Amino acid sequence: MNSFVNEPTGVFPSVCSLDCPDQCGLLVHKQDGKIIKMQGDPNHPVTKGNICNKVRNMTERIYDPNRLKHPLKRTGVKGEGVFEEISWEEAIETITYQWKKLIKDYGPESILPYSFYGNMGNLSAEGMDRRFFNRLGASQLDRSICSAAGAQGYKYTMGGSFGIDPEETVESKLIIFWGINAVSTNMHQIALAQKARKNGAKIVVIDVHKNQTGQFADWFIPIQPGTDAALALGMMHILFAEEMADVDFLQNYTVGYKELREHVVQYDPVTVSNITGVPVEDIYKLARMYGNTSPSFIRIGNGPQHHDNGGMCIRTIACLPALTGQWLVKGGGAIKSNKGYLAHNAEILQRPDLLKNKDTRVINMNLLGQALLELDPPVKSMYVYGTNPAVVTPEVNKVKKGLEREDLFIVVHDLFLTETAKYADIILPATSAFENTDFYTSYWHHYIQIQEPAIEKYGESKSNVEVFQLLAEAMGYVDSSLFDSEVEMITQALDYKRNPHFEGITFERLSEEKYVKANVTQIVVGKLLTPSGKIELYSEQMEKDGYPPLPTYIPLVEDDGDYPLLFVPGPNHNYLNSTFSNNKKHITLEKEPRVFISKKDALVRGITDGDQVRVWNNRGECILKASVGESVLPGVAVTQGLWADLPGTKQLVNTLTPDRVADMGNGATFFSGRVDVEKVV
Ligand SMILES: Nc1nc2c(c(=O)[nH]1)N[C@H]1C(S)=C(S)[C@@H](COP(=O)(O)OP(=O)(O)OC[C@H]3O[C@@H](n4cnc5c(=O)[nH]c(N)nc54)[C@H](O)[C@@H]3O)O[C@H]1N2
Ligand SMILES: Nc1nc2c(c(=O)[nH]1)N[C@H]1C(S)=C(S)[C@@H](COP(=O)(O)OP(=O)(O)OC[C@H]3O[C@@H](n4cnc5c(=O)[nH]c(N)nc54)[C@H](O)[C@@H]3O)O[C@H]1N2
Ligand code: SF4
Ligand SMILES: [Mo]
């Protein structure tokens, strides 16, 4: 194993740890022991030396004077942010004293781990933490805030998170970005699309907001939020009616195409246009373009699945490539997520067997407010790492009320004093990914990568793995797996006979070669992990699970209160969820939080471009700047970015979002809330 910590000057390999599909190869430039520059590694086969603005500015984040250096304990009231320094010994002693007491008085399920993928490293995000909390017997967390609904929907159709190799998409002749703001969130797919475009490909974007990605398109199709399944069904209607469907493919590789053909008769272009807001002639044009162009590729984003009907919506879009037999064409097909190919040995990495009580309760992370305020028996302690729930969870006012509970013992492990950390009783300083050993598996390209420590640990900070080992020791646990080294854990996770894509991939190889491509050839459409092994246009499994077996348009749930605008608060270009929202340079680049509304909606409310407006519903309110124009349809309000509330501001959009659960996967419904907007006078 390499460690570059003791080499004060030079250029060292690294990988981006952020929750982004691209998982770029990086080169870290060091001088006098410090990183002075972050560069994309030109040798990375997919990301090829290009990185985003966010990570080009990463050194500022790593050496930010506000970064946490020492453990802290709270001396002020919850949420106020007043703390004093303590030693690691005192911090670990305080935490384990409280936990031992809680376990005795209330049982281990009174403790709730709360985490997400602030660091995508498999050891950091789902390694030693899982072993530790399984051994402790803590409540389990259903980590369904991101892509759970869509993943389940896609799985019903395709058997799991398997799409095509993005490197092939340079050969596509039609690329549809469907509900993905790829210019901001998957920039290397844009680079590949640009190459394809030079070879004659057309780029179509289907979105509720004409953002950077819509502007990049050859053809932008605006759509009403939550109605994409209807558009996909309308396309199927035309593909069958005009005999553009590939009947050979459908017969050989799918289940239920005849039922589907009957079923889509009802989704005629006029009906679909009334639902989606897409003009009838555009539905014809899109279907014919899709039916007559090969290879055609659909990049399915996260937007359409952050809705009440998100699972069914993605299940429906995922049926499209089968209709034209695109899965057999190089550069044809779709990608929602490619996570399935790089699945490591989670059983050995996470050790679910250490959890003795198999009936341990499971808490949906999207319902955190409810969990903290209403659960019986109550959550008495929460340990937060790799996420910032006081900003990123839906119905965040409810969450904050829960975090304010005096009888809730909160520990936060982070690099910064985040909005969540302000509620903590104990704060622990975290290393940045550049200070750790970990391995990374992209959910878009097919490369596995490794991080070996590039710089020494900042202040007294510790990695997730280290902290859980300290906690395990102080709890008196003796299971040897709780004290495995990082290299041992990586070796165990890669040794996974059940995943043929990992054959021959070892820690040593990763350490030497940096980027190792999994042994993925092409998606094998006859041997999928669906019950039939085929693409399931008709799914018996869905029927058993209580869903319509055929792809179906299901309208959004009626939101509480009668507010006129559908509210779509997505991420922005220069932050990564709430990460970087505390950095001056990134804030300056984003200027200020805005709400995009149509001219029509602005006019009836007497709002002009640039006005301060109040956006509200019965869950909360925000004060934002209005951006009036043609970028959204009437009836829609869009914001970008998870801005934290600074003193005197009201810009935390999750005060407005619903904590309803989506149709599948216990997913989030961030984009299915309703609001109204008025001018602030
Ligand atoms: N710069 C940057 N990159 C990121 C992130 C970030 O915060 N900033 N976050 C990372 C994470 S965790 C994730 S999950 C991904 C998310 O990245 P994406 O997959 O791009 O998902 P979103 O940005 O949530 O939404 C994508 C698009 O869907 C649109 N949309 C919303 N509702 C609908 C709908 O009903 N129909 C259609 N057709 N479109 C709709 C939105 O306007 C938006 O343009 O990005 C990752 N990358
Ligand atoms: N309104 C609205 N809300 C959303 C979304 C949306 O589109 N709209 N998107 C949702 C989605 S898709 C997602 S994925 C979630 C993401 O939400 P989060 O997972 O909360 O993502 P971040 O806000 O980036 O917070 C990550 C935190 O982890 C910390 N961190 C980084 N590395 C480490 C480490 O190694 N150890 C520890 N202990 N901490 C570390 C960072 O400093 C940061 O504070 O937000 C969701 N919330
Ligand atoms: S955030 Fe995404 S695009 Fe930016 S460096 Fe990381 S992996 Fe690459
Ligand atoms: Mo996400």
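Predicted model only: the values in this text are computed from it and were never measured.
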Measure from the ring center of F439 to the ring center of H344 and say whether it is less than 6.0 Å.
yes
Which class fits the ring pair F240 and Y257: parallel under 30°, tilted 30 to 60°, perpendicular over 60°?
parallel
Can you check whether Y156's main-chain N or O pairs, donor with acceptor, with R315's side chain at less than 3.5 Å?
no
Nearest heavy-atom contact between V205 and T213 is CG2-O, 3.5 Å
Rounded to the nearest 0.5 Å, how far apart are NE2 of H188 and CG of D22?
5.5 Å
With ring centroids as reference points, do H446 and Y341 lie under 6.0 angstrom apart?
yes
For the residue pair W616 and Y563, does the interplanar ring angle fall in the parallel (under 30°), tilted (30 to 60°) or perpendicular (over 60°) class?
perpendicular
Counting N and O atoms only, with roles assigned by atom type, does the side chain of N364 sit under 3.5 Å from a partner on the main chain of N666, one being a donor and the other an acceptor?
yes
For residues Q640 and N181, determine if any side-chain heavy atom of one lies less than 4.5 Å from a side-chain heavy atom of the other.
yes
Do side-chain atoms of T393 reach the backbone of N366 as a donor and acceptor pair under 3.5 angstrom?
no
Mark yes or no for whether E347, through its side chain, and P352, through its backbone, hold a donor-acceptor pair below 3.5 Å.
no
Sub-4.5 Å side-chain heavy-atom contact between Y290 and V204:
no
Rounded to the nearest 0.5 Å, how far does CD of E259 lie from CG of L550?
6.5 Å
Identify the two heavy atoms, one from D376 and one from R361, that lie closest to each other, and give their separation to 0.1 Å.
C-NH1, 4.4 Å
Are I363 and D142 packed together at the side-chain level, in the sense that at least one heavy-atom pair is separated by less than 4.5 angstrom?
no
Any donor and acceptor pair, going by atom type alone, linking the side chain of H237 with main-chain N or O of V264 inside 3.5 Å?
yes
Would you say the side-chain atoms of D282 pair up with the backbone N or O of V278, donor to acceptor, closer than 3.5 Å?
no
For a 4.5 angstrom cut-off between non-hydrogen side-chain atoms, does Y154 reach S337?
no
Please check if the distance between the ring centroids of F596 and H209 is under 6.0 Å.
yes
Please evaluate residues Y383 and Y385 with respect to the criterion ring-ring contact (aromatic ring centres under 6.0 Å, His included), reporting the C-alpha separation (whole Å), side-chain torsions for both, the decisive distance (0.1 Å), and the verdict.
CA-CA 7 Å; Y383 182 98; Y385 58 107; 5.6 Å; yes
Rounded at 0.5 Å granularity, tell me how far CD1 in I554 sits from OG1 in T316.
8.0 Å
Within-4.5 Å side-chain heavy-atom neighbours: L355 and F133:
no
Taking 4.0 angstrom as the limit, do R660 and D559 come out as a salt bridge?
yes
Who passes side-chain hydrogen bond (donor to acceptor under 3.5 Å, both in side chains) against N302, sequence neighbours left out?
Q305
Please examine the side chains of N119 and N464, heavy atoms only from C-beta on, and report whether any two atoms are closer than 4.5 Å.
no
Any side-chain heavy-atom pair of E395 and T657 under 4.5 Å
no
Point-to-point distance, once rounded to the nearest 0.5 Å, from OG1 of T669 to CG of D659:
7.5 Å
Ring-plane angle category for Y253 and F249, please: parallel below 30°, perpendicular beyond 60°, tilted otherwise.
tilted
Side chains of P166 and L192: closer than 4.5 Å at any heavy-atom pair?
yes
